[in-house]
Novice: 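Just passing along the structure, written as structure tokens.
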Amino acid sequence: MVAVNYVGEELWSFYNAPWEKRVDLAWQLMEIAEQLTNNDFEFALYLLDVSFDNFAVGPRDGKVIIVDAENVLVADKKLIKQNKQENWDVWYESKFDDCDKEACLSFSKEILCSRTTVDHNYYAICQNLLSRHATWRGTSGGLLHDPPAEIAKDDHLGALLDECANPKKRYGRFKAAKELREYLAQLSNNVR
């Protein structure tokens, strides 16, 4: 017997939602990435299967919910700090995976479990859900596809998404993720 619970529409069903809604959902996704990575419990929860059908949006409150946490890696940051394996305190940047399939991610479980500062969740959300690299069910461009002209004009959003998905600068994803969260919060407040 399998018991299931309806918690809301798949994130995928919001792919063509109004811009304001997509901005709010993108901001929530980046906040989830931050909370799973950096929290008071000193456990990082790394999402290993990030796709549009692994998230839902609550029908009453509009909150993004992880609905498939089957592939999550738990890293004990306190233990990593105690064990002090080689490079434990060196920031780890996930490698961009330019593949021709949906929801691609490359990662090393050994590295995720041996470093205290890892950008994996930002990488996964940006690459597979938000950026132009995100593809799903024959579409491309991610959740933030086709921004309004005033947003697209200066391409600040596009640059942040590109750096978050496929950084060109050392530790660029960390900086881009932080700036992206702030920018989306600003856009979200402006459209509410």
Novice: Does a side-chain N-to-carboxylate-O contact under 4.0 Å join Glu42 and Lys81?
Specialist: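 Answer for the salt bridge query: yes.
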Novice: Between Lys77 (side chain) and Asn39 (backbone), is there a donor-acceptor pair under 3.5 Å?
Specialist: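 It does not hold such a pair.
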Novice: Are any of the side-chain heavy atoms of Val118 and Glu93 separated by less than 4.5 Å?
Specialist: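 They are not in contact (no side-chain heavy atoms under 4.5 Å apart), so the answer is no.
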Novice: Can you tell if the side chain of Cys113 reaches within under 4.5 Å of the side chain of Leu73, non-hydrogen atoms only?
Specialist: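 A side-chain contact exists here, since the closest heavy-atom pair is under 4.5 Å.
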Novice: Got a donor-acceptor contact below 3.5 angstrom from the Asn83 side chain to the Gln85 backbone?
Specialist: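 No, Asn83 side chain to Gln85 backbone: no donor-acceptor pair under 3.5 Å.
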Novice: Please walk me through it: do His133 and Phe96 pass ring-ring contact (aromatic ring centres under 6.0 Å, His included)?
Specialist: CA-CA 10 Å; His133 302 287; Phe96 174 73; 4.8 Å; yes
Novice: In terms of the angle between their ring planes, are Phe174 and Trp91 parallel, tilted or perpendicular, with boundaries placed at 30° and 60°?
Specialist: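 Tilted.
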Novice: Kindly give the heavy-atom pair with the smallest separation between Ser140 and Thr135, and that separation in Å.
Specialist: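 Heavy atoms only, the tightest pair is CB-CG2, 4.0 Å.
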Novice: Sorted by first residue and then second, give each salt bridge (Lys or Arg N to Asp or Glu O under 4.0 Å) pair with at least one member in residues 131-145; sequence neighbours left out.
Specialist: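 Those involving residues 131-145 are Glu10-Arg137, Arg132-Asp162.
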Novice: Keeping Glu163 on the side-chain end and Lys168 on the backbone end, is there a donor-acceptor pair under 3.5 Å?
Specialist: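 Yes: the side chain of Glu163 pairs with the backbone of Lys168.
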Novice: Hey, does the side chain of Asn121 reach the backbone of Ile125 with a donor-acceptor pair shorter than 3.5 angstrom?
Specialist: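 Absent.
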Novice: What is the distance from atom CG of Leu25 to atom CG of Leu144, rounded to the nearest 0.5 Å?
Specialist: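 CG of Leu144 is found 9.5 Å from CG of Leu25.
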Novice: Using a 4.5 Å cut-off on heavy atoms from C-beta on, say whether the side chain of Ile151 contacts that of Leu187.
Specialist: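 Answer yes - side chains close enough.
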Novice: Would you check if Trp88 and Thr116 make a side-chain contact, meaning some heavy-atom pair closer than 4.5 Å?
Specialist: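 Yes; the side chains approach each other to less than 4.5 Å.
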Novice: Any side-chain to backbone donor/acceptor pair from Ser131 onto Cys126? Under 3.5 Å, distance only.
Specialist: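 Side chain of Ser131 to backbone of Cys126: a pair is present.
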Novice: Hey, quick one: are Ile66 and Tyr122 part of the same hydrophobic cluster, counting side-chain heavy atoms closer than 4.5 Å, chains of contacts allowed?
Specialist: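 Looking at the clustering, Tyr122 is in the same group as Ile66.
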Novice: Roughly how far apart are Ile111 CD1 and Ser94 OG, rounded to 0.5 Å?
Specialist: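 It comes to 9.0 Å.
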Novice: Just wondering, do Leu48 and Phe107 contact through their side chains at under 4.5 Å, heavy atoms?
Specialist: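 In contact.
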Novice: To check you understand the geometry: which heavy-atom pair defines the closest contact between Ser106 and Tyr123, and what is its length?
Specialist: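 Minimum heavy-atom contact is N-OH, 3.1 Å.
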Novice: If you define the side chain from C-beta out and look only at heavy atoms, does anything of Glu34 sit under 4.5 Å from Met30?
Specialist: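 Glu34 vs Met30: side chains apart.
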Novice: Quick one: are Leu180 and Leu184 in side-chain contact, heavy atoms under 4.5 Å?
Specialist: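 Of all side-chain heavy-atom pairs linking Leu184 with Leu180, at least one is under 4.5 Å.
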Novice: When rounded to the nearest 0.5 angstrom, what is the spacing between CZ in Arg181 and CD in Gln28?
Specialist: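 Nearest 0.5 Å value for the CZ-CD distance: 13.5 Å.
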Novice: Search all heavy atoms of Ala152 against all heavy atoms of Pro147 and return the closest pair with its distance.
Specialist: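 The answer is CB-CG, 3.9 Å.
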Novice: First locate atom CG of Leu45, then atom CZ of Phe41, and finally report the distance between them rounded to the nearest 0.5 Å.
Specialist: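 Output value for this atom pair is 10.0 Å.
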Novice: The test is side-chain contact (heavy atoms from CB on, under 4.5 Å); show your working for Lys175 and Lys169 and say whether it passes.
Specialist: CA-CA 10 Å; Lys175 183 178 183 210; Lys169 301 174 197 148; 5.6 Å; no
Novice: For residues Val50 and Val72: do they belong to one hydrophobic cluster (side chain heavy atoms under 4.5 Å, members Ile, Leu, Val, Met, Phe, Trp, Tyr)?
Specialist: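 Result: yes, single cluster for both.
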Novice: Parallel, tilted or perpendicular: which describes the rings of Trp136 and Phe52, with under 30° parallel and over 60° perpendicular?
Specialist: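 Tilted: the ring planes of Trp136 and Phe52 meet at 30° to 60°.
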Novice: For residues Tyr6 and Pro59, report the shortest heavy-atom separation together with the two atoms involved.
Specialist: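 Shortest heavy-atom contact: CE2-CG, 4.5 Å.
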Novice: When you group the ILVMFWY residues by side-chain heavy-atom contacts below 4.5 Å and let the links chain together, are Leu79 and Val74 in the same group?
Specialist: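 Different hydrophobic clusters.
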Novice: Please check if Phe43 and Ile32 belong to a single hydrophobic cluster, counting links between Ile, Leu, Val, Met, Phe, Trp and Tyr side chain heavy atoms closer than 4.5 Å.
Specialist: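 Yes, Phe43 and Ile32 fall within the same hydrophobic cluster.
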Novice: Using only atom types and a distance under 3.5 Å, with no angle test, would you say the side chain of Asp49 pairs donor to acceptor with the backbone of Asn71?
Specialist: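 Checked: no pair found.
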Novice: Start with the C-alpha distance between Leu36 and Leu47, add both sets of side-chain angles, then the distance that settles side-chain contact (heavy atoms from CB on, under 4.5 Å), and finish with yes or no.
Specialist: CA-CA 9 Å; Leu36 293 178; Leu47 301 171; 3.8 Å; yes
Novice: As an exercise, state the distance from OH of Tyr183 to OG of Ser188, rounded to the nearest 0.5 Å.
Specialist: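 One finds 12.5 Å between OH of Tyr183 and OG of Ser188.
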Novice: For a 4.5 angstrom cut-off between non-hydrogen side-chain atoms, does Glu150 reach Pro148?
Specialist: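 Yes; the side chains approach each other to less than 4.5 Å.
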Novice: Within the distance-only criterion (no hydrogens, no angle test), does the side chain of Ser13 pair as donor or acceptor with the backbone N or O of Glu9 below 3.5 angstrom?
Specialist: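 Not at all, since once roles are kept as given, no pair shorter than 3.5 Å links the two residues.
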Novice: Once you round to the nearest 0.5 Å, how far does CD1 of Ile65 lie from CG of Leu11?
Specialist: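 It is 11.0 Å, given to the nearest 0.5 Å.
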Novice: Determine the minimum heavy-atom distance between Ile80 and Arg115, stating which atoms define it.
Specialist: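 Reported closest heavy-atom pair: CD1-O, 3.5 Å.
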Novice: Over all heavy atoms of both residues, which pair between Leu143 and Ala26 is shortest? Give the atoms and the distance, please.
Specialist: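 Leu143 and Ala26 have their closest heavy atoms at CD2-N, 4.1 Å.
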Novice: Spell out, yes or no, whether Leu129 and Trp19 are grouped together once hydrophobic residues are joined by side-chain heavy atoms under 4.5 Å, including indirect joins.
Specialist: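 Shared cluster, yes.
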Novice: Which residue in the set Arg173, Lys178, Lys95 passes salt bridge (charged side-chain N to carboxylate O under 4.0 Å, His left out) when paired with Asp119?
Specialist: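 The salt bridge (charged side-chain N to carboxylate O under 4.0 Å, His left out) with Asp119 is passed solely by Arg173 among Arg173, Lys178, Lys95.
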